[in-house]
Structures are given as C-alpha cells and as structure tokens.
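Working notes for the structure below.
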Number of protein chains: 2
Amino acid sequence: MRAGERAYDTLRGEILDGVLGPGTVLQEVEQSVRLGVSRTPVREALRRLAADGLVEPTARGTIVTAISRADIVALYELREALEARAAGLAARRRADAPFLAIRDRLHDAPRLLAEGEAGLTRYFEIVDDLDRAIDEAAANPFLGSALRSVQLHSARIRRLSRHNPDRLRAAAGEHELIVDAIIAGDAELASHATHVHLHRSLTNALASAPDDDVAAPPGADDGSRVA
Amino acid sequence: MRAGERAYDTLRGEILDGVLGPGTVLQEVEQSVRLGVSRTPVREALRRLAADGLVEPTARGTIVTAISRADIVALYELREALEARAAGLAARRRADAPFLAIRDRLHDAPRLLAEGEAGLTRYFEIVDDLDRAIDEAAANPFLGSALRSVQLHSARIRRLSRHNPDRLRAAAGEHELIVDAIIAGDAELASHATHVHLHRSLTNALASAPDDDVAAPPGADDGSRVA
DNA sequence: GCGACGACTCATGTATACACGGACGCCGCC
DNA sequence: GGCGGCGTCCGTGTATACATGAGTCGTCGC
C-alpha cells in the first residue's frame, strides 16, 4: 500500500478514536519520524485530513479540529437534510436483498448490545452497513460523497453514545423502522423515520457532550496530544 | 501567493470554463512546465481537484471527469436537498440587509441580461452573491461546505444555460421569489421556491445538454484536451 | 519596568533526484 | 497471422535538500 494512504488512514483513525484529541499539534517532521516515512506522504495525508475538516492548518503546525456543541447541532442539521433524502430515494430505488439481510441482523442487536465491547463493535458495523446500503440504493454519487463526509464527522461524536446501552437499544429500533419503510417502498415514512432517529440521536449527543468540546479540552496537556 | 494555490486556481478555472474538457489528460511534469512550477505544487493541485471530483487519477495520468446526463440529475437531486434546507434556514436566521441589497440588484437583472457578455457575468455575480448570503445566513459550516461542493459542479454545467436569455430571465424571477420569502421569514416558501427553481433549471439543463457529456466528447482529439 | 525592535529558530513551501510499478510495443513462437 | 511473453519506457510515489516567512525570545532603549 502507498505510504501516503497509510499515513492518512493511521492519522484519521487516531483522530476518530480520540487518540489525537482536539488541539493536538501535528507537525510534518514529527509525524514523519513517528510513522516512519518522509515528509511527502505525511504532507499529503495532512492535506486530505484538512479537506475532510478533521484538522486545520495554523501558524505553528496543523492542529486537530475541535467539535463544539454548536458544531454537533450543525452537523445533525446537515445529516437530516442528506440522510432523510437518501432514505427516501433508497425506498424508491432499493434492491430488497441487502435491506432484508440488515433487518435480520438488526433484530439481533439487543443481544449484541449485551455482549460488551465486541458486541458494540459488531452493532456499529450493522449501522455502518445500513448507511452504505442506503447510499448504494440511492444511486447518487454526489449524495454519496456528501454522506461519507457527514458520516466521518458523525463517527467522531459516536463515542459519546457508545457506552449508553439504553440509547443504543432505542436507536436499533429506530433503524429497524427505517429499514422496514425502505423495504415497504414507503419513501415518506423512511424519510420521516430518519428524521425522528436523528432528532433523538442529537438530543442524546447533546446530553452526553461536555460543556465545551468533544474529547479532551484543548487546554490540558494530558499526554493525549503529544506526538 | 503560494504556487500550489495558484496551480489549483488555474487548473480549476480552466476546467470550469471548459478549456480543459472531460477526458483531458493532466500529467504532472507536463503541467509543471506549462505553469512554470515544480511537480510538488502541481501534485497538490491535482489531489485537491480529485477531492473536488473535477479530475480522477487513472493509469496513464489524471484525467478531467466527464458529466453525464445522469450526473446532472444526481447533482440536482443533491442540490435540492441542500439548497432547499439552506433557504429555509436562511429565512429563519437571516439578517435582512444583504437580502434587501440582493433584491434590488436582482430587479435590474432583465436589463443586465440585455447587455451581452459583461451583463451576463454581472448577473451571475448576483446569483453567486445570493448563494453566499444564504450560506452565511444559514450559519452552518457543514452545510456551507456541502453547498460549496455542489456549487462547484453546478458552475461547470452553467455554461449550458449561459446563452439562453429566456431561461435566465425566468430564473431571475425565481430567485426574486426566494429572496422575498427569506426576507419575509417564510421558511417553507423559501424552501419550496428553491425546489421550483431547481426543478426548472434541471429541465432546462437537460434540454440543453448534449446526448453524452457536457463539454466536448472524450473521444475527439480536437486540441482542447492537449496540455 | 515596560515596550518595541531585531535576530534567531523552526515549520512549512518548493524544487529536484531517485525508486518503483504498470502499460505499451515489439519480437518470437505456435 | 494471432497470441503470449519479455523488455523498455514513462509516469507517479517517495525521499531529501534548500528557500522563505512568520513567530518567539531576548535585549536594548526609553
């Protein structure tokens, strides 16, 4: 695999996992040494991350962006516009098979959610597969590109609800309704059920979010932000 | 200004203007010589253009992407979701002043449209300013980012209606209605008026689009695709 | 003691040289 | 004559050296 690709995947994963918290300074030479490649692929990775909105260039290096409560609200506002539309399109243009399969898997979600970390990870795989199935069924490359962007940022704040079993169980039920609506070809219901799901997710995210920013606050030098 | 920035702006402008048509091969060394910089900033520019969706890497070089009729439909599908939402948000969150100014300028549009190329350019400046005002009033950075992406691709197909005065006059009227709705604080009307406008624009774009792709077809070696 | 100016330092921006890999064309064989 | 394999070439991927500019720290003057 190309070094630039690996550098991008590594850094992106670390930002999404919170290993590199908001405010962390990412300098090219520093990351070059750490990742064992030269500055060139690191530069490429940082540029891509900046285009994704995960980092932003500043005077003394590229820093990991923060996510404020206002950002969460704004993100969900966009998600609602995009995902409600995508769900409606998917209901009209679907192939049944993938959604039937996801419905079965979602039915097992409550059991998974009782199995600890591994179950959680598998649960989120189902949700991600649903997102992909809707994206594919919507059959719109521009919409798909926009969806991937919001899902990237959504993954960052997913950590807020990861260990909230009650919310996750409820979310699984909301997802089931969306899938049922798509299978039934009911575009309006799929769209509105998505709206409902996002509204509840947002409420939960805001309740779980710290006062200032997601992940560790930018001020503290707690070691999570060193290279 | 940075060389990478200039290279990006130059290439992007040439793609949007159709100077570099779909299928044009953009090789790094070749463009380095033409733009008078080294490969490094050209590489950066090509990566950014690829992220924008204006070019895509292939085996024998990066090529300018084509826009099929299906792409136009897909793009307008996304535009509708984004711009209708943005117009609605702008109606709720607006500051009146910029929209009052744009309304005045739009009122002069019919006169501008009779003044040839310079007038056309000024007309599109008004439309672009309206887009920016809505973006700013919506006060949502994620939505703004998505809007800039679709507006980038929209600019590519704008050439299809640029010399269709009847359509442009009608579009000016549709824009006025959107602005009026925003000023009146009527989110639903702003949203629906945007829907109407995009529906009509799409109809016109499809009627004006050649059978295969926008701009010159990828097969012909007509000189518009050399370096 | 405070403020401003200047030099130094460090990080990014750019250029270039080398490495690697695939694509195309040519040649030989079937 | 067509197909398959091999070699060459070309273009991107990576590493590195140099240029540039902004930020910071120290010092000097007021």
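Just so you know, these numbers use all the heavy atoms, side chains as well, and skip hydrogens, waters and symmetry mates.
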Inset, instruction - Identify, with sequence neighbours excluded, every residue that meets salt bridge (charged side-chain N to carboxylate O under 4.0 Å, His left out) alongside B:E125. - result: none
Inset, instruction - Measure from CG on B:L26 to C1' on D:dT12 and round the result to the nearest Å. - result: 14 Å
Inset, instruction - Return the set of residues passing side-chain hydrogen bond (donor to acceptor under 3.5 Å, both in side chains) with B:S191 (not counting sequence neighbours), or none when no residue passes. - result: none
Can you list, pair by pair, the side-chain donor-acceptor contacts under 3.5 Å of residues 48-63 of chain A, counting residues two or more places apart and other chains?
from  : atom 1 : to    : atom 2 : distance (Å)
A:R48 : NH1    : A:E5  : OE1    : 3.3
A:D52 : OD2    : A:Y8  : OH     : 2.4
A:T58 : OG1    : A:G61 : O      : 2.5

Legend entry - With B:N164 via side-chain hydrogen bond (donor to acceptor under 3.5 Å, both in side chains) - residues at least two apart: B:N204
Inset, instruction - Look at A:D71 together with A:R69 and state whether they make a salt bridge at an N to O cut-off of under 4.0 Å. - result: no
Inset, instruction - Go through residues 1-11 of chain A and report each residue with a non-hydrogen atom lying under 4.0 Å from DNA chain D, sorted by number. - result: A:R2, A:A3, A:G4
Legend entry - Side-chain donor-acceptor contact under 3.5 Å, B:S208 with B:R162: no
Legend entry - Non-hydrogen side-chain atoms of B:Q31 and B:L46 separated by less than 4.5 Å: no
Inset, instruction - Quick one: list whatever passes side-chain hydrogen bond (donor to acceptor under 3.5 Å, both in side chains) with A:R167, sequence neighbours left out. - result: A:E174, A:S201
Legend entry - Nucleic acid contacts - residues 39-48 of chain B versus DNA chain D, non-hydrogen atoms under 4.0 Å: B:R39, B:R43, B:R47
Legend entry - chain A contact limits on DNA chain C, taken 5' to 3' with a cut-off of 4.0 angstrom to heavy atoms: C:dA11 to C:dT14
Legend entry - Set of residues satisfying salt bridge (charged side-chain N to carboxylate O under 4.0 Å, His left out) with respect to B:R122, sequence neighbours excluded: none
Inset, instruction - With sequence neighbours excluded, give me every ring-ring contact (aromatic ring centres under 6.0 Å, His included) pair touching residues 143-164 of chain A. - result: A:H153-B:F142
Legend entry - B/S/- contact track for nucleotides 21-26 of chain D, protein heavy atom under 4.0 Å: --S---
Inset, instruction - Apply side-chain hydrogen bond (donor to acceptor under 3.5 Å, both in side chains) to B:R2 and list each qualifying residue two or more places apart in sequence or on a separate chain. - result: B:E44
Inset, instruction - Using distance alone, with no hydrogens and no angle criterion, decide if B:R43 and B:S38 have a side-chain donor and acceptor under 3.5 Å apart. - result: no
